[in-house]
Student: 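Right, I'll just put the structure down here and ask away after.
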Amino acid sequence: MKKINTLLKKYQEIILYVLFGGFTTVVNLAVFWLLNKAIGENAYLINNIIAWFAAVVFAYITNKLWVFESKSWALKIVIKEIPEFFLARVFSLAVEEGGLWLFVEIMEFDKLSFDLLGFAFTGKLIAKILLAVIVVILNYIFSKFIIFAKKKNESN
């Protein structure tokens, strides 16, 4: 039991990032799926941007408070964090948008659509799920080493 606690403490940040990254991915996928149903799949790239924005807001709050423990809401810290967080996420959005376009338009992922337990997995959703793995890794690197990096003289 002591060894498990030691491992949990050692890898707490990564465990929390994966947990909240999973929740963020669920927010992103749910909004994307709902928009595709409500607006239509022809607007999948626009739907992806809206889903991305909802997920980024959720991710900023959860990453700030629980993953990287940047608890301060001091204006000078928030003014630094929010633009860096969104800018890093814009980069990963570009990766995701380009990847979606590539998978859907060039690689014709829509031919891979299937139903599972009454839920339709369209090619667009399948592509988005695959790209989510790449995006989570990129976002962790940016958050850990740039946005929420602990500075020696900075109090969070």
Side-chain angles (χ1 to χ4, degrees), residues 1 3-71 73 78 81-148:
M1 189 64 151
K3 189 172 184 169
I4 291 172
N5 285 337
T6 303
L7 286 172
L8 286 174
K9 278 218 180 282
K10 182 177 181 179
Y11 297 108
Q12 176 180 342
E13 181 181 275
I14 293 172
I15 292 166
L16 288 172
Y17 186 81
V18 169
L19 176 70
F20 287 112
F23 292 154
T24 300
T25 301
V26 169
V27 168
N28 192 316
L29 291 171
V31 173
F32 181 74
W33 181 81
L34 288 169
L35 289 170
N36 279 345
K37 289 293 184 192
I39 297 171
E41 285 197 4
N42 288 338
Y44 73 95
L45 292 175
I46 293 168
N47 296 343
N48 187 55
I49 292 170
I50 297 167
W52 168 85
F53 185 79
V56 169
V57 170
F58 177 84
Y60 174 73
I61 293 167
T62 58
N63 278 231
K64 178 174 180 55
L65 296 177
W66 294 295
V67 178
F68 299 107
E69 297 181 1
S70 174
K71 305 268 187 204
W73 291 97
V78 172
E81 287 175 349
I82 289 177
E84 286 180 352
F85 194 84
F86 271 82
L87 190 59
R89 293 320 191 260
V90 165
F91 175 75
S92 61
L93 172 66
V95 169
E96 188 174 23
E97 284 281 289
L100 273 175
W101 176 82
L102 179 70
F103 284 142
V104 173
E105 302 298 331
I106 304 301
M107 299 174 71
E108 299 177 344
F109 256 52
D110 276 344
K111 294 178 181 177
L112 301 175
S113 298
F114 63 93
D115 286 339
L116 180 65
L117 302 172
F119 186 79
F121 283 85
T122 66
K124 292 174 182 81
L125 186 59
I126 295 166
K128 184 151 176 67
I129 291 168
L130 293 173
L131 288 161
V133 174
I134 295 166
V135 166
V136 165
I137 293 167
L138 286 173
N139 289 340
Y140 179 79
I141 292 167
F142 286 126
S143 292
K144 170 75 175 167
F145 298 108
I146 298 170
I147 301 154
F148 298 114

Student: Could you pull out the closest heavy-atom pair between G99 and L131, with the gap in Å?
Tutor: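 G99 and L131 have their closest heavy atoms at C-CD1, 3.4 Å.
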Student: Tell me, please, which residues at least two apart from W33 pass ring pair (Phe, Tyr, Trp, His ring centres under 6.0 Å).
Tutor: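 Scan of W33 (ring pair (Phe, Tyr, Trp, His ring centres under 6.0 Å), adjacent residues dropped) gives F119.
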Student: To the nearest 0.5 Å, tell me how far F121 CZ sits from L116 CG.
Tutor: 5.5 Å
Student: Is there any salt bridge (charged side-chain N to carboxylate O under 4.0 Å, His left out) pair reaching into residues 4-13, and which pairs are they, with sequence neighbours excluded?
Tutor: E13-K144
Student: Start with the C-alpha gap between F109 and L130, add the side-chain angles, then the distance that decides, and say whether side-chain contact (heavy atoms from CB on, under 4.5 Å) holds.
Tutor: CA-CA 11 Å; F109 256 52; L130 293 173; 3.7 Å; yes
Student: Can you name the salt bridge (Lys or Arg N to Asp or Glu O under 4.0 Å) partners of K37, sequence neighbours left out?
Tutor: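 Scan of K37 (salt bridge (Lys or Arg N to Asp or Glu O under 4.0 Å), adjacent residues dropped) gives none.
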Student: Which salt bridge (charged side-chain N to carboxylate O under 4.0 Å, His left out) pairs, counting each pair once, include a residue from residues 19-31, with sequence neighbours left out?
Tutor: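 Listed once each, the pairs would be none.
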Student: V57: which residues meet the side chain to side chain contact (heavy atoms under 4.5 Å, CB included) condition with it, sequence neighbours left out?
Tutor: F53, I61, F86
Student: My understanding is that only residues two or more places apart in sequence, or in another chain, count here; which of them pass salt bridge (Lys or Arg N to Asp or Glu O under 4.0 Å) with E105?
Tutor: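 Counting only residues at least two positions away or on another chain, E105 forms no salt bridge (Lys or Arg N to Asp or Glu O under 4.0 Å).
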Student: Among residues at least two apart in sequence or on other chains, which ones pass ring pair (Phe, Tyr, Trp, His ring centres under 6.0 Å) with W66?
Tutor: F20
Student: Which residues pass the ring pair (Phe, Tyr, Trp, His ring centres under 6.0 Å) test with F32, not counting sequence neighbours?
Tutor: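 F32: no ring pair (Phe, Tyr, Trp, His ring centres under 6.0 Å) contacts found.
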Student: Kindly state each residue pair satisfying salt bridge (charged side-chain N to carboxylate O under 4.0 Å, His left out) with at least one member in residues 50-61, sequence neighbours excluded.
Tutor: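 Matches after skipping sequence neighbours: none remain.
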Student: Hey, can you tell me if F23 and F58 have their rings parallel, tilted or perpendicular (30° and 60° cut-offs)?
Tutor: perpendicular
Student: Strictly by side chain to side chain donor-acceptor pair (under 3.5 Å), give each pair with a member in residues 108-117 just once, sequence neighbours left out.
Tutor: E108-K111, D110-K124
Student: For residues 85-104, which residue pairs qualify under salt bridge (charged side-chain N to carboxylate O under 4.0 Å, His left out), counting only residues two or more places apart or in two chains?
Tutor: E96-K128
Student: Apply ring pair (Phe, Tyr, Trp, His ring centres under 6.0 Å) to F91 and list each qualifying residue two or more places apart in sequence or on a separate chain.
Tutor: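 F91: ring pair (Phe, Tyr, Trp, His ring centres under 6.0 Å) contacts with F142.
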